[in-house]
Amino acid sequence: MSSWLDYTINGLIVGNVYALVAVGLALIFGVSRLINFAQGSIYLVGAYIGWVAVVQLHTPLPLTIIVVAVAAAIVGLIIERFGLRPLQNSVRIAPLLATIGISFVLDQLVMLTFSPNPRALPSQLPDVRFQVGGGTIGPLDLLIAGVGLTSALLLFVFLRYSKLGWAVRAASQDRDAAMQMGVDVNRVNQAVFGIAAALGGVSGMLVGMYYNQIDTAMSLQATLKGVVAEVVGGAGNVPGAVIGSLLLGLVESYGVAVFGTSYRNLFAFLLLVVVLVLRPNGLFASARQAPPEPLTGTFIAPSRPVRIPRWALAVAAAGFAVLPLFPVSFYVLQTLINAWLLGMLALSLTLVAGTIGQVSLGHAALLAIGAYTSALLSLTFNVPVGLAIIGGGLMCAALGTLLISPSFRLRGHYVSIATLAIGEIVSLVILNWESVTRGPIGISGIPPLSLFGTDLISPTSIYWFSFAVMMVLALLQGRLLTSHLGRSFRAIRDDDVAARAYGLSLNRYKSLAFIFGGFAAGISGGIAAHLYSYINHETFNTQQSILALTVVILGGLGNVVGAILGAVALVGLPEVFRIAAEYRILIYGIVLLLLVRFRPQGLLGTM
Amino acid sequence: MSNIDRRTLVKGSLAAMMAGAAFSRAASAQTSEPILLGVSGPLTGPNAQYGTQWKQGFDLALDEIMAAGGINGRKLAYQFEDSQSDPRQSVAIAQKFVSDPRIVMELGDFSSPASMAASSIYQRGGLVQFGFTNSHPDFTKGGDFMWSTSVSQADEQPLLAAYAVKRLGLKKLAVLHLNTDWGRTSRDYFVKAAKEYGAEIAVTEGYIAEERDFRSTLVRVRDANPDGLILISYYSDGALIARQARQVGLKQVMCAASSVYSPKFIELGGEAVEDVHLGTRYFPQDPRPEVKKFIDGFKAKYGGQEPDAFNAYSYDAMNMAAAVVKIGGTDRRAIRDAFAKVKDVSSVIFGQATFDVESRRVKGAMNAELVVRKGQFALWDGKPT
């Protein structure tokens, strides 16, 4: 019985830690309707500024907090001014990609300045412990809880009673109307980003002190957990974010208590999916509240796609088809093989995200399903590799659609969050379902690609094989887009109410899109499994999902040629920048930001 | 991109032709060009810290090799390509190295998915993949071009089990392990050995690498009522577990795998890692001359910093590479054959390293039983804590 008290206390303690990030995310989402993927990076920056202050400058704690808050706020203001404000009149998806790019740049800058080695960030509070239940809590636990609750309370009061707070709320309800009433929306945004960043920086520092450890990998995890907590509480709702965080902490803690540590995150993400399905606006959204996203499709604004003449496409395709006949190095071929595999994934994602408007952040899970199915079919049941890959595609189409289906009733950002969670769930199931997937040991000795009994092992033959498969999928998808079905997809994306009024069944069409998209992604995963010969639960991770979305947005949502072009660019650029060694991901992030800045609708435009 | 590659290819083959034509000049041309090793590893991304530790070990070993006259008068150098431990990038790097005639062998990658995805390319391309941290039992099964000096967990874990059960007298153990291929394999070997020595396993808990909060896990451990905790962890998560164990009121003896052996473990863990026991392959006061040389050289080169386990692995790996290239020359196949021929290469981890030709691994890692005392790693004096 006393153990349950301990689990509860531990859940609340870690919930406090999540709350610090979630409050900042909620504040920004409340005003800009933007999931700020850079919040974790500001948290990271705050932690390292705190380290400089504490370890190098020996500042006392109150001064440290002020230094970190001010410095982080400045970073937030810079992000708002130069990263996001130029994008405010462009498509809604562009700022999302911009925050991803900004987080790359910030993480890399910190890594280059401080080296990736973890550092100790000593707590400056007296080392006294209070006995609570079987365990103890320290002053830092109380400080973290205090900062979380106080900031939530202060923000609540600020939003409700101060003039700037009214302006913030007005801007979040209707930006244009607020501007007509004389609200300086830019100033509001500045204020919000400054406050959120200050809070993010301080939380990074406090959490660093709590664990006595900071490292450059802490940013993505903080963002992930913060987003989950925030959405559980009701996106944009500041007190809700705190309660969502505590709930998340409790669910994780009880999950560990009942099932064991390796199931911990499974419960976090299941909680999120359940909440989203039952209460799509989060637990604490009132029924009267306006829908969190506009009803019509401004999330993906139509733009004029770049028309590329057919003959040019044919020439380009023919050029790539005969490329191996020329003396190019295997390295170039291998890089392009990677591009074709990513291209297949991007085709899949551009269909579900661009054409029908379900922006998925869990697409790597589809790769994993295809890869494991194909690997296990060929290893355990001796299915020929060609058939096994098709089996992987089919399994992925079926299972992927089934898993994603809970998110069909969601809109806009909520789809992204739900798919993110579903992606994590798939990865954790792979880790824990050892009798089938062999858990963390992974599957080794997967047979190489083969076709009609001949092994494809030379880079040239793998190149042709993957290129041909991708071309077939691309041509099929191009045909699909011009068909009646493709028009129905776009109708749902642009205005689902109108589409329903015309008698289109939303769930059926969304399922059809995921079946087709799942097949393409599953094939890509299957080929990858046979190419790598070894896979485990880490092979297809969250970063791959984010990469796939970046490719799709960069190429132009829904744009088939754009997806392939984006894949070639995002596989090629990091390879081209190899010459820059440690700086290459930084350069990659900057290039990404510039692309979003000057082509927010994507290189080839939305179809 | 293709241009650059073609140019280097042309340059390489031109150099070879010239060397063949004018053999009197060939010798001098050869000595000016360093013998190049390819390294595939993480310099950015979540595992970046390990890539930077590798570099430190490599650079120290190279300094010593050059000071001793290089490889028969030629320079040895490495080209480090950042893979982010991502299989997609490690396979591209593999093709890059295989098609670059200057590269004579490859070292790395760090994680199993990234390393083993590239193995088939190295095997078919006939370039040795020397995976010096690849403990996955299937790594060297990728082919006869895969060699590893990673300490096999089948060797290491029974030593740790003996320390915990026979020497420290622990009877009922809770095992916390990283839920990766390494942690899982290690756990299985540890549990098997500990049971053979007569201990009972009260509970095992696997956690993911990104995990930072262990309090609930530790309550679970407490309720299983063990008399000792076994940490199959790296230093950063090991330090977190030790700190939080004390916070939730666990006072049991803790015993950790050698991968926590790093000054960072003490820096991050603070007082909480006091009295943590660990088995290691070498230790600061180790009287062995190769260890003294390594530690003194490392501290001199890196401003007094103490080397850790990953520094030692990469230092050993570079020395092994040099020994192999000395025998095998610059021919890739001859280098593979040389791995079977090298004998008793001086090594921090193994003392003297000789490959077992069957498994393509090295057996018989050194073992030292340490304990953290007053914020220092010290040889355990046999006194109970």
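We name chains A, B, ... by the order of the sequence lines, and we start the count at 1 in each one.
When heavy atoms are compared at a cutoff of 4.5 Å, B:Thr52 approaches chain A solely by way of its side chain, counted from C-beta outward. Contact of B:Ile208 with chain A is made through the side chain alone, with heavy-atom distances under 4.5 Å. With a 4.5 angstrom heavy-atom cutoff, B:Asp223 touches chain A only via side-chain atoms. Contact annotation for B:Ser115: neither backbone nor side-chain heavy atoms come within less than 4.5 Å of a heavy atom of chain A. For B:Thr44, the parts lying under 4.5 angstrom from a heavy atom of chain A are both the backbone and the side chain. Only the side chain of B:Asp86 comes within contact range of chain A, with at least one heavy atom under 4.5 Å from a heavy atom of that chain. There is no contact between B:Leu250 and chain A, counting heavy-atom distances below 4.5 Å. Both the backbone and the side chain of B:Asp82 come within contact range of chain A, each with at least one heavy atom under 4.5 Å from a heavy atom of that chain. At a 4.5 Å heavy-atom cutoff, the contact between A:Gln213 and chain B is made by backbone and side-chain atoms alike. For A:Val14, the part lying near chain B is the side chain, with the backbone staying farther off; criterion is any non-hydrogen pair under 4.5 Å. Both the backbone and the side chain of B:Arg88 come within contact range of chain A, each with at least one heavy atom under 4.5 Å from a heavy atom of that chain. Both the backbone and the side chain of A:Ser253 come within contact range of chain B, each with at least one heavy atom under 4.5 Å from a heavy atom of that chain. For B:Arg243, the part lying near chain A is the side chain, with the backbone staying farther off; criterion is any non-hydrogen pair under 4.5 Å. Using a 4.5 Å cut-off between heavy atoms, B:Phe97 makes no contact with chain A at all.
Contact count versus chain B (heavy atoms, under 4.5 Å) is highest, among A:Pro116, A:Gly249, A:Gly442, for A:Pro116. Between chain B and the residues A:Arg578, A:Gln221, A:Met111, the most heavy-atom pairs under 4.5 angstrom are made by A:Arg578. Ranked by heavy-atom pairs shorter than 4.5 Å toward chain B, the options A:Leu341, A:Leu431, A:Val132 are led by A:Leu431. Of the listed residues (A:Gly11, A:Pro118, A:Ser444, A:Ser533), the one with the most heavy-atom contacts under 4.5 Å to chain B is A:Pro118. Most heavy-atom pairs under 4.5 Å with chain B, from the set A:Ile535, A:Ile457, A:Asn536: that is A:Ile457. Chosen from A:Tyr7, A:Phe326, A:Phe330, the residue pairing most often with chain B at heavy-atom distances under 4.5 Å is A:Tyr7.
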Please determine whether side chain to side chain contact (heavy atoms under 4.5 Å, CB included) holds for the pair B:Arg222 and A:Ser3, giving the CA-CA distance in whole Å, both sets of side-chain angles, and the decisive distance to 0.1 Å. CA-CA 9 Å; B:Arg222 184 193 73 194; A:Ser3 299; 3.6 Å; yes
Please lay out, stage by stage, how B:Tyr207 and A:Ser262 fare under the test side chain to side chain contact (heavy atoms under 4.5 Å, CB included). CA-CA 5 Å; B:Tyr207 60 90; A:Ser262 64; over 6 Å; no
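For A:Asp215 and B:Arg212, the salt-bridge test passes: some basic side-chain N is under 4.0 Å from an acidic carboxylate O. Remark: A:Asp6 does not engage B:Arg215 in a salt bridge, criterion side-chain N to carboxylate O under 4.0 Å. Look at B:Arg184 and A:Glu434 and you find a salt bridge, because one of the NZ, NE, NH1 or NH2 atoms lies within 4.0 Å of a carboxylate O, short of that distance.
Counting all heavy atoms, side chain and backbone alike, B:Arg220 lies closest to A:Ala257 at NH1-O, 2.6 Å. Closest of all the heavy-atom pairs between A:Ile441 and B:His136 is O-NE2, 3.0 Å.
A donor-acceptor pair under 3.5 Å links the side-chain atoms of B:Glu205 to the main chain of A:Thr261, judged by distance alone. Side chain of B:Lys264 to backbone of A:Arg119: no donor-acceptor contact under 3.5 angstrom is found.
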